[in-house]
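Only one structure is covered here, and it is reproduced in the block below.
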Amino acid sequence: MSGRKKTLLKVIILGDSGVGKTSLMQQFVNNKFSHQYKATIGADFLTKEITIDNNKQVTLQIWDTAGQERFQSLGVAFYRGADCCVLCYDVTNEKSLNNLSSWKDEFLIQSNVSNPQDFPFIIIGNKIDVDDSKKIPSLQKKLNNITNNQLGGLNYPVFETSAKDSINVELAFEVIAKMALQQEELNDANGNDVSDDYNDAINIHLENDAGGCAC
Amino acid sequence: MSFSVDWESLLEFEESLSSSISKTNALLLHNLELKIELNRSSNCDLPANDYGIERLENDMNDYDYCSDEFTTCSNCGQSLYDDSAYKNCCKTFVSCQRVISSNLEKSFWISFINNPSSTINTLPNYTELLFLRQGLPIQLRSTIWKKLFLMSQGNVIPETSRLVYDNFQHSYSLEISKQISKDLSRTFPLVNFFKNEDTINNLSTILNVYANYDVELGYCQGLLFLVGVLYYHFKSDSTLTFHALVTIMESEPELHDIFTSSTMSYTLNKWKFEFSSILQETDNELYEHLNKFVDMQVFLYQWWLSFISSHTPDLSIVNRVMDFCLLQGWKIGMFKISLGLLLMNKPILMTLDTGDEEVIYQHLLNESKWGIAVKDLSAFFGDLLLSWEDSIFMELPKYEEPLFQKPIKSHKRTPSAMMSRFKNLSINLSRNRSNSSSSQIDRYSSSERLLSGFSSVSVFSTKLGNRNDNNGELDSIYSDITTNSELSSLPPKSFSDNLKIPYYTKCLKHEQLIEDNESADINNELLDENIRLKTLLKRAYNMINDNESESSALKCEISEVI
């Protein structure tokens, strides 16, 4: 309305099928939870305007993706221009935890972001409302192990949420928005010039591949 | 009451239609040909003549709308499931549906149900008019769909499908089973039928068996949109649903490929390319406009991977989508519906411009894309979708694979996957028996003897070493079957009789044999390494897609290496 360019932040939610990506997005954007969401085919997205950091208005454009592994290779169009990437797992499903790094790698390969080393990722463990007995045993240790060994020891923020009971969802997305905004400003400062980063991107990829996946 | 099919009037009417429409019906007839080829059966080719006027009228009058969740009132869009909530328009709708007033139409349906292929062949224009323009009578949809899958088999599901379905119900892949059970409740979450325990169990079995049977595809999210609707209309007949799924996938290899890990990316790119050029040819203004700022992949892939059924305002549309594709073929059917959706939404799309991408994506990804079509499905599926020349869809431009975008695994699927399965089974059998490390050529020739006269390269071919991850699974499946005397004791000849390969497989035969003999000599390890390197380069190459001058130099350099 003021004619000022509105800040649009693009957020991608990734993670295995059934970890609750759609539910997280719906809970954050529409404040509701349902058992009747459809399986996401391809991709879907919602937007929400929020205020962060001293009345700064931003629009979050949240992309929900298909979780089945074979869809990873189709991501290109959705990942491009992302400002933050949310890696989701299900606290009752160890495999979804172990796959975090492969989602991250695939994202970096396809999104072609300018700063793969310090691109903002955030980790969300969803479904903490379920019974403790069903949760992954010694989760914290395993999670540390993964961040240290597979996610390059980088201190990505970690949130444990329940999309069902609306626990920590708001909080997580606030952090997501802040991280995305930083990334956006960084891109603006660089004039969105990504042409110098090919070599970096290739190197990163080769390193990852040579290291192999521990799981 | 005596009633006989009035052939003379039918033909006369067909004549008048064809002179006024002047269409070739090329797609319809091509699709029919495919179906007939796949369904050809040596033991029964008898048209069933037992469907007469009485059964037709019973079917029409005794229909229970309250058990049909897929039918909605054409006026208010409300489901007819709950008759206590009927509004006036719903009542009118139901009473209009109860009768077929024209004797000509009665003649057509009786003729169609008794002998679908020759009816389509003789009366293509009338078929399209009734199927697509007017819409199938709700009461007959189940019967008609069933007929389309059992073309010239009487009412019998082919023995091969039955055997596979009955015998592959074990040794499911754990990962696939888990994925299937996650999706069962989230495909049509609001439809009660799909909450029923039997439905869930049977759909799960159908998809698990299919994954066993078609290891290459396995299971892919999105399939349930098709399988669920088929199962619903086939009144919970699991074997028929399985047969229909197999038939659809085998009649259209490219449809199969968009759901298969190794080929989906390539095939979807190809479809997008072809679709773009069709759009360009049909409506250049819209094409230029969208091309400026929209990536059509965002919505097209969702549409195609969910059979255009995942976000619809009501389920009648799903019925119409399926009617359309069953008759026109799936790839082309979905192309036409997609094109129709874009053209119908053109007024909205043209008002949006750079910066509004998300509005367009939101609109096209969700139910709202059906907009005005909802009110008049006949205009959409009848007039709009039939207004284009078939030739636009049949003479597609050749897709030039972008460098390095080729599927990593060589893609050797033939239309007759069923053959390949059994062939592979025989390979496994012979390997188990001899327990020797016979060379690849030997194995092929031994299977050649078993299935004399037919050749198609096994999709399970291990020669590229890419299937290692599946081998354990496969072996367990097939070793179980080895002990199944019902299967292994059948003389091979009867299989080949049942499994007529579509005509174009024959053309592939020679070419593929040569290829196989050559590759058998190549060291597997070297191939593996080569492929891995190519994969790496391909991925690196993908990362530099966006840039102009620098990247093209780099691309050239990489392409030289490969």
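Letters A, B, ... are given to chains in the order of the sequence lines, protein chains preceding strands, and every chain is numbered from 1.
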Turns out that what part of B/Leu268 lies under 4.5 Å from chain A's heavy atoms comes down to side chain
Okay, A/Gln68 and chain B: the region with an atom under 4.5 Å from a heavy atom over there is both
Honestly, the part of A/Phe45 sitting under 4.5 Å from a heavy atom of chain B is both
When the 4.5 angstrom heavy-atom criterion is applied to A/Ser34 and chain B, the contacting part is neither
Per-residue tally against chain A (heavy atom, under 4.5 Å) across B/Phe299, B/Tyr301, B/Tyr361 peaks at B/Tyr361
Practice prompt. Please tell me if the side chains of B/Glu175 and A/Glu69 come closer than 4.5 Å, counting only heavy atoms from C-beta onward.
Written response: yes
For A/Thr47 and B/Glu358 the tightest heavy-atom approach is CG2-OE1, 3.1 Å
Minimal heavy-atom distance between A/Asn93 and B/Lys182, with the atoms involved, is ND2-NZ, 4.3 Å
Most contact-rich option vs chain A, by heavy-atom pairs under 4.5 angstrom, among B/Cys220, B/Ser185, B/Ser310, is B/Cys220
Can you establish whether the number of heavy atoms outside A/Lys134 located under 6.0 Å from its atom NZ is more than 12? no
Distance col, row A/Phe71:CZ vs B/Ser261:OG, nearest 0.5 angstrom, shows 9.0 Å
Residue from A/Gly42, A/Ser111, A/Ser17 scoring the most non-hydrogen pairs under 4.5 Å with chain B is A/Ser17
Given 3.5 Å as the limit, does a donor-acceptor pair link the side chain of A/Arg70 with the main chain of B/Tyr219, or not? yes
query: Are the side chain of B/Gln297 and the backbone of A/Leu74 linked by a donor-acceptor contact shorter than 3.5 Å?
result: yes
CG (B/Leu224) and CD1 (A/Ile41) are apart, to the nearest 0.5 Å, by 9.0 Å
In this structure, CD of B/Gln302 is separated from OG1 of A/Thr40 (nearest 0.5 Å) by 9.0 Å
Smallest heavy-atom separation, A/Gln36 atom then B/Pro189 atom, equals O-CG, 3.1 Å
Okay, A/Leu46 and chain B: the region with an atom under 4.5 Å from a heavy atom over there is both
Cut-off 4.5 Å, heavy atoms of chain A, and the answer for B/Ser306 is both
When the 4.5 angstrom heavy-atom criterion is applied to B/Gln179 and chain A, the contacting part is side chain
Of the listed A/Gly67, A/Gly18, A/Ala39, the one with the largest count of heavy-atom pairs under 4.5 Å with chain B is A/Ala39
Whatever's closer than 4.5 Å to a heavy atom in chain A on B/Leu365 counts as side chain
Smallest heavy-atom separation, A/Asp44 atom then B/His311 atom, equals OD2-NE2, 3.9 Å
